[in-house]
Structures are given as structure tokens and as C-alpha cells.
Amino acid sequence: MEGIKENVLLSKYSTFRIGGPARYLIEVSDPKDIKRAIEKALELNLKFLVIGGGSNILFSSEGYDGMVIVFNSSNNFLINDNLIEVNASISLNYLVNKLDSYTGLEWAIGIPGTLAGAINGNAGAFGVEISELIKQVKVLEVKNKKIIEREFSKKDCNFGYRNSIFKNNYNLIITSAILELEKGNTEEIKKNIKNNLSKRILKQPKGFSIGSIFKNGDNFSAGELIEKAGLKGKQIGDAKIAEDHANFIINLGNATSDDVLSLIKIIKKEVEEKFLIKLEEEIKIF
Ligand SMILES: Cc1cc2nc3c(=O)[nH]c(=O)nc-3n(C[C@H](O)[C@H](O)[C@H](O)COP(=O)(O)OP(=O)(O)OC[C@H]3O[C@@H](n4cnc5c(N)ncnc54)[C@H](O)[C@@H]3O)c2cc1C
């Protein structure tokens, strides 16, 4: 298949800038091409992994012995009144800015990555989650080396806090989604988008990261616990717990996946010892 590259550094495909070589990598934006890429991986007996913007993934510095399929860069969506059918490889930020006559997505400004990545992890901010806007998700299911096209209703997606049916099932590939949004006042929507972006810029640490490492709980903020455990600023190799937001780890330049995993291990141990709370990762580790 045209476009398949060999030995490609995954650090280029993660906002963390960490990751060794993928044996094979292909970038696609059309659902038909993602299907062909998966068929190719199955034909070659390779394990495969579909990613979007790589903004919630810690790749191993050892690399990935299979085919990484990067599904991003589309700008296709189709408006039918309040229902908007979107190619899931679209950048979430692009979508927020393009749909500025519809209200409901303003909170998502500044979240890196694709719509598919956001659906996978039920991304959210300012108390809203992407699941609230989902009407339907189109999926490719890989089963017994066959690819089946399926349509999932919102209920089928099993959304929870930073969770969905897709999060731990790599054989369910999101290709497009129907969002339900309400018409709104463009001027007001633009103002809200701008305000949300300003708030984000103020509170979000600078540097290479993959967002919050751990999930918050019903009655605790992971960042606050890490801070209370005295771990802010702790550094291993080039990986550092952010000074201004303890739930972020920053790659200062040459961090390895082991540096990050060591920090994660220390955080979990200290927080459990001090507060009897087991932190759970929000990010995916490959
Ligand atoms: C600075 C910064 C700020 C952030 N702020 C927020 C925030 O406010 N709220 C929030 O929720 N998150 C936040 N994040 C985390 C991240 O941006 C989101 O989780 C985002 O939605 C991930 O999208 P992605 O395309 O980058 O996914 P990726 O990182 O590429 O993938 C994440 C997971 O989804 C899977 N996946 C990707 N595409 C598909 C597909 N087509 N089908 C099936 N599975 C797929 C991958 O295999 C992986 O398991 C932040 C990250 C950064 C770096």
C-alpha cells in the first residue's frame, strides 16, 4: 500500500515528543484508507495501533513492533440542520472554530488531537464532555481478521468519565461521528471560545506534555494530591512533574518513556501511602 513508511520515530507523532521507531507507519485521513491500512496490517500479520494527534499517549522509547496508523488531518463535515456528520480524523480545534454558528463545543478549544481521540477518551473540560454531543459513532470492528462496519448509538459507546467502550478495545476503530449541536449566536460563541482559550492558557503548563496523567476522583483532584505529597517539580532524567500543575509531566527535551514511567510509579506509591487513594492513569501507554 502506498504511503507506508518503515522505522519512523514515534516521538514525531506524540505531543510528548517521546517514542522510539514504529516498524511501519502510515498517515491517512479517509475512512476508506484506514480500512485499507488495517487490511494491510492483517495481511502482514502485524499488530496495529490507530492514533490521532498523539496528545494522550506515552509511546515506549523502544518503539512499536507493528503498524501505527495515524488517522488525522481531515477537514470534512456535513451539516444537516442540528446534526453534523464529521470525519473523526478532524482536529478538534479546527472543528470548534469552524462550527462557530453552533453552540455546545466551545469548551473543547485548546484540547489537542482529533475528534476520534476525544471520543475514545471522552475528553472534557469546564464540566462538559464530548459524549454529551454524540448521537452516533461509525466504527470499524476488527474480528477474526475481518473488518465489519458498525454504527454505535451513544448508549452503545458506554461513555464514562474519561472512558468509553473504545478506550480499552483496540479492535474498535472510530471513523466518523454524528454530533448534535444547537444553533447559536456566532458573536457570542466566538467570545466564549476566546474566553475558554484564555483560561486554558493561564492554567496549562507550557512544554511537551500529554495533558493530565491521572484521572480525578469523585472527591479528589489528582493534581492536588500530588502537590500535597510534595512531588511538584520532582524530576527523573528529563521528565519533570510540572511546577504549575502537578498532574502534568513535562518532557524537558530528552525524556525517555522509562523516565516518565518512573515518575508515574513514584506518584502512585506516595499518593497511596499518604492518602490511601489509588490513582488511575488517564493516558494510554504503548
Ligand atoms: C496540553 C494538553 C492539554 C490537554 N487538555 C485536555 C483537556 O482539557 N481535557 C481532556 O479530556 N484531555 C486533554 N488533553 C488530552 C488529549 O488532548 C485528549 O485526550 C485528546 O482528546 C486525545 O486526542 P488524540 O487525537 O491526540 O488521541 P491520541 O493521543 O492519538 O489517542 C488516544 C487514544 O485514542 C485512541 N484512538 C485515536 N484515534 C482513534 C480512532 N480513530 N479509533 C479508535 N481509537 C483511537 C488511541 O489508540 C489511544 O488509545 C490534553 C493534552 C494536552 C497535551
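Counting starts at 1 for both ligands and their atoms, in listed order. Below, each value reflects all heavy atoms present in this structure, side chains not excepted, and no hydrogens, waters or symmetry copies.
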Can you say whether the rings of F59 and F286 are parallel (under 30°), tilted (30 to 60°) or perpendicular (over 60°)? tilted
Output a table of donor-acceptor pairs, distance under 3.5 Å, between side-chain atoms of residues 41-55 and any protein atom two or more places apart or on a different chain; print 'none' if there are none.
| residue | atom | partner | partner atom | Å |
| --- | --- | --- | --- | --- |
| E43 | OE2 | K40 | NZ | 3.2 |
| N45 | OD1 | K145 | NZ | 2.6 |
| S55 | OG | P112 | O | 3.3 |

State the NZ-OG distance between K215 and S221, to the nearest 0.5 angstrom. 15.5 Å
Using a 4.5 Å cut-off between side-chain heavy atoms of Ile, Leu, Val, Met, Phe, Trp and Tyr, which other residues end up in the same hydrophobic cluster as I250? L252
Does K143, at its NZ atom, have more than 12 non-hydrogen atoms belonging to other residues, nucleotides or ligands within less than 6.0 Å? no
List, one per line, each side-chain donor-acceptor pair under 3.5 Å for residues 119-134, sequence neighbours excluded.
| residue | atom | partner | partner atom | Å |
| --- | --- | --- | --- | --- |
| N120 | ND2 | F166 | O | 3.4 |
| N122 | OD1 | S131 | N | 3.1 |
| N122 | OD1 | S131 | OG | 3.2 |
| N122 | ND2 | E129 | OE1 | 3.2 |
| N122 | ND2 | S131 | OG | 3.4 |
| N122 | ND2 | G160 | O | 2.8 |
| E132 | OE2 | E129 | N | 3.1 |

Select all protein residues for which some heavy-atom-to-ligand 1 distance is less than 4.0 Å, and list them by chain and number. T15, L49, V50, I51, G52, G53, G54, S55, N56, I57, F71, I111, P112, G113, T114, A116, G117, A118, N120, A123, G124, A125, R162, L172, I173, I174, R200, Q204, S209, I210, G211, K284, F286
